[in-house]
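Structure first, commentary second.
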2 protein chains.
Amino acid sequence: MPVCIVKSNFQIGDHIVTSLSDTTSQVPANPRSRPTMRHVAALAGVGVKTVSRVINGEPNVSAATIAKVMAAARTLDYQPDLHAGNLRRADGRTRTLGLLVGSVDNPFAGAVHRAVEDVALQHGVAVFASSLDDDPDREQESVDAFLRRRVDGLILTTVTESQAYLAPELRRGTPVVFVDREPAGITSDAVVSDNADGAALATRHLLEGGHRRLAYLGDRPVIQTARERRRGFLEELGRAGVATRGVPVVDGLHDEESARAATIALFDSPNPPTAIFSAQNLVTIGVIRALRELGRHHDTALVGFDDVPLGDLLDPGVTVVAQDPQGIGRAAAERVFARLDGDHSPPVRTIVPTRLIERGSGEIPPRREG
Amino acid sequence: MPVCIVKSNFQIGDHIVTSLSDTTSQVPANPRSRPTMRHVAALAGVGVKTVSRVINGEPNVSAATIAKVMAAARTLDYQPDLHAGNLRRADGRTRTLGLLVGSVDNPFAGAVHRAVEDVALQHGVAVFASSLDDDPDREQESVDAFLRRRVDGLILTTVTESQAYLAPELRRGTPVVFVDREPAGITSDAVVSDNADGAALATRHLLEGGHRRLAYLGDRPVIQTARERRRGFLEELGRAGVATRGVPVVDGLHDEESARAATIALFDSPNPPTAIFSAQNLVTIGVIRALRELGRHHDTALVGFDDVPLGDLLDPGVTVVAQDPQGIGRAAAERVFARLDGDHSPPVRTIVPTRLIERGSGEIPPRREG
DNA sequence: ACCTAGCATGACATCGTTGTCAGGGAGACA
DNA sequence: TGTCTCCCTGACAACGATGTCATGCTAGGT
């Protein structure tokens with residue numbers, strides 16, 4: 001059937017017969033090889049540049065030629081090679097974007113990713129997504145992998161001490177937007193929640209509930225947001241005139257299990273806290289598990305930073321300071337595209353607001369004891 | 001500062017001075033342009049091919065030359081262009097993989113994605129991730145975008161009626177692995193849960209609990225897994241000798257809200273079900289919300305297909321037939337790499353087992369009434 | 001001193017595409 | 001009929017890298 005079409009449409013110009021090697025016959029020699037513009041051109045009986053014009057919708061091609069070329073392209077199932085085109089194309093854009101998040105298997109990152117993808121899709125841009133796993137080496141490797149593939153822009157969550165290694169790339173004009181955590185050793189656009197402020201909000205909520213024996217459970221201090229949240233917690237206690245000496249501050253919790261163990265240890269002391277601020281979503285879940293095990297989930301207040309899936313269906317409902325991962329992802333992607341569209345204004349820090357969602361656990365009053 | 005280094009290291013060979021145009025001076029003219037191998041070669045005072053050898057770790061380069069080239073590459077912050085190399089490279093691999101999932105913002109897809117990424121990382125392969133949104137057009141566009149970027153392999157969740165459009169690509173030898181849903185109109189590797197079997201397992205569990213008035217709530221029948229799960233449910237009822245006439249089978253539920261509404265409607269009938277099988281995770285959540293609103297969550301049994309985040313912390317705990325998204329992702333990625341490594345055996349269907357997790361909601365006994 | 005083998009190196013063509021440019025043909029206008 | 005456009009079209013170089021091949025050099029054997 002395709003042979004039919006070939007015969008009826010195909011006219012060989014002498015120059016083609018003499019100049020083409022046997023690897024470039026009118027139809028790819030074996031079906032395992034991929035058709036190129038030259039194959040399409042030969043089959044349509046036109047020059048490669050004309051095929052290029054048709055494929056890219058350039059003007060000044062006759063309707064008859066367009067039809068011939070489209071037919072040939074369809075017959076061969078031709079797909080243009082974006083990267084080959086890019087090599088020569090003036091703007092040098094790969095229409096590709098690199099996204100680095102904590103882990104793609106994490107509700108916060110998933111929402112960020114989805115928002116980025118939606119904005120990218122409108123621009124015809126594909127997204128590389130990688131997981132950071134809070135490993136500096138993985139960060140470097142991911143960024144390298146992105147740059148070797150010549151992404152048009154980067155959206156990064158980082159864990160290295162300094163991102164100065166990105167300075168040359170920034171000078172070359174590649175947009176880099178930091179999400180979730182602010183950059184160090186370099187200035188560039190950033191889209192973040194106000195972590196200190198959100199933590200203070202959570203803390204104030206507990207203080208206003210009458211609690212005075214609070215505890216902080218959070219992630220490792222190498223993580224910038226963890227430091228900010230701890231700062232917000234402690235500063236709010238200071239503002240309220242609560243002595244921070246003796247306030248349990250447990251750092252370095254990275255998953256449910258460590259948070260659960262830390263919580264249990266906390267209640268093994270003579271004067272356990274009446275309220276807990278857990279500064280990360282996995283930590284919050286670990287705390288919930290521990291409180292249930294201890295049977296303290298109805299007499300210990302809990303406010304978490306970052307929302308927890310189905311937090312409203314638990315008993316008690318989980319009060320959280322929720323971030324807006326969708327908003328963060330969208331804003332970050334929009335920054336990238338604004339930069340690509342020629343926005344050369346100084347770097348901006350976009351702060352996406354957090355909000356307190358009261359669901360019960362944060363409204364438990366202090367126990368009267370001790 | 002960089003100028004210093006340049007001066008001390010740089011030796012110009014005559015042939016370079018005469019042959020290079022002004023656009024290719026020893027250092028990129030302005031810092032916005034990206035250094036190429038020619039820049040590195042000029043700065044190191046060697047030929048481009050030698051730079052290529054060093055960058056790719058090919059043998060037969062003297063230690064001194066290697067040092068010179070590395071120094072030059074570091075000075076210029078050179079990053080090889082993977083796609084340009086690919087154009088000429090024998091194997092034609094982009095070390096890139098396309099992954100299409102329901103939505104990257106979905107716990108099941110997140111786990112699949114993460115597992116795929118981990119396997120890919122071991123092979124030095126980057127992953128494009130896109131969301132399908134159960135939209136056939138989006139499927140086609142995503143696959144096109146992947147192919148134009150010459151991914152080495154595809155891992156796809158699909159929603160088109162037929163994936164025959166992939167036949168030419170398959171003939172060219174691109175590995176295509178279908179995940180979660182089986183392909184139609186084409187044969188290729190697939191990695192899926194046994195949906196009918198899992199649904200039957202859930203149904204049997206409810207029947208063994210003594211229930212006879214069951215209801216099915218599921219996703220749109222255009223989705224292959226939705227059809228399979230419904231089939232498993234109905235066939236199990238048949239095997240148990242329960243008449244399927246009059247059994248409420250509600251299709252087309254796509255999100256929490258529609259599932260919630262459908263559940264409420266179900267209880268608006270004279271003889272509501274004593275047990276519900278919800279065939280998708282968002283549907284399960286919608287059902288839970290509805291049952292709570294109606295105050296029936298402690299007297300109506302519920303088994304969901306696919307796990308629900310924090311399902312063990314709810315009251316009652318959510319009994320589910322859990323899939324193994326990690327296992328699915330890993331198996332799919334391993335199939336792709338096996339094919340890339342030359343495995344030409346016939347397509348295989350890998351079935352990743354499901355398992356029943358009893359947490360309470362599925363063990364509620366039937367109400368005695370009516 | 002001569003030959004040979006093998007290492008080290010760079011010139012050149014090439015991958016698939018697009019930018020540039022030149023040329024041919026048709027129609028408009030004098 | 002002759003010119004001047006404008007539209008179509010294809011040859012060719014170029015993008016940044018690698019495969020191929022030829023060449024120069026050094027060390028080793030006679």
Side-chain angles (χ1 to χ4, degrees), chain A residues 11-16 18-21 23-24 28 33-42 44-66 68-69 73 76 78-94 148-150, chain B residues 13-16 18-21 23-24 28 33-42 44-69 73 76 78-94 147-150:
Chain A
Q11 308 150 13
I12 295 182
D14 287 347
H15 55 284
I16 292 185
T18 54
S19 71
L20 288 183
S21 72
T23 62
T24 318
S33 83
R34 207 177 282 280
T36 71
M37 272 197 179
R38 289 166 63 160
H39 297 116
V40 177
V46 302
V48 281
K49 179 64 212 196
T50 299
V51 176
S52 170
R53 272 189 270 261
V54 173
I55 296 292
N56 294 289
E58 287 175 37
N60 298 336
V61 184
S62 75
T65 304
I66 292 179
K68 269 194 301 186
V69 170
L76 298 178
Y78 171 73
Q79 291 273 6
D81 183 324
L82 196 60
H83 298 304
N86 252 76
L87 209 50
R88 191 66 173 85
R89 206 187 301 275
D91 65 5
R93 297 273 167 83
T94 53
R148 274 197 296 272
R149 288 176 177 82
R150 296 292 187 265
Chain B
D14 287 346
H15 55 284
I16 292 185
T18 54
S19 70
L20 288 183
S21 72
T23 62
T24 319
S33 84
R34 207 178 283 277
T36 71
M37 272 200 180
R38 289 166 63 162
H39 298 116
V40 177
V46 302
V48 282
K49 180 63 216 199
T50 299
V51 175
S52 170
R53 271 189 271 260
V54 173
I55 295 292
N56 294 290
E58 287 175 36
N60 297 337
V61 185
S62 74
T65 305
I66 292 180
K68 271 193 301 186
V69 170
L76 298 178
Y78 171 72
Q79 292 273 7
D81 184 323
L82 196 62
H83 298 304
N86 254 70
L87 210 49
R88 191 64 173 81
R89 206 188 301 275
D91 66 5
R93 297 272 167 85
T94 52
L147 293 179
R148 273 196 297 270
R149 289 176 176 81
R150 296 294 187 262

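Order of the sequence lines sets the chain letters (A, B, ...), proteins ahead of strands, with each chain counted from 1.
- Residue-to-nucleotide proximity on DNA chain C shows that, of B/Arg150 and B/Thr50, the 5′-proximal contact is made by B/Thr50.
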Could you write out each protein N or O paired with an N or O of nucleotides 18-24 of chain C at a distance under 3.5 Å?
| residue | atom | partner | partner atom | Å |
| --- | --- | --- | --- | --- |
| C/dT18 | OP1 | A/Asn56 | OD1 | 3.2 |
| C/dT18 | OP1 | A/Asn56 | ND2 | 2.7 |
| C/dT18 | OP2 | A/Ser52 | OG | 2.5 |
| C/dT18 | OP2 | A/Asn56 | ND2 | 3.3 |
| C/dT18 | O2 | A/Arg88 | NE | 3.3 |
| C/dG19 | N7 | A/Lys49 | NZ | 3.0 |

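- Put simply, A/Asn60 has no side-chain N or O that comes within less than 4.0 Å of OP1 or OP2 on D/dC7.
- Toward the 5′ end of DNA chain C lies the nearest nucleotide of B/Ile66, the other residue of the pair B/Ile66 and B/Leu87 mapping further downstream.
- For A/Ala73 against A/Val40, the heavy-atom pair with the smallest separation is N-CG1, 3.9 Å.
- Side chains of A/His83 and B/Asn86 form no contact here, defined as non-hydrogen atoms less than 4.5 Å apart.
- For A/Ala84 against B/Leu87, the heavy-atom pair with the smallest separation is CB-CD1, 3.8 Å.
- Phosphate proximity of C/dA8 to B/Thr65: absent, as no side-chain N or O sits under 4.0 Å from OP1 or OP2.
- B/Val48 approaches B/Arg38 most closely through the heavy-atom pair CG1-CG, 3.4 Å.
- Without hydrogens or angle criteria, B/Arg150 side chain to B/Leu147 main chain gives a donor-acceptor distance under 3.5 Å.
- Residue A/Thr36 places no side-chain N or O under 4.0 Å from the OP1 or OP2 atom of C/dC15.
- Here the shortest heavy-atom pairing between A/Leu76 and A/Pro35 reads O-CG, 3.4 Å.
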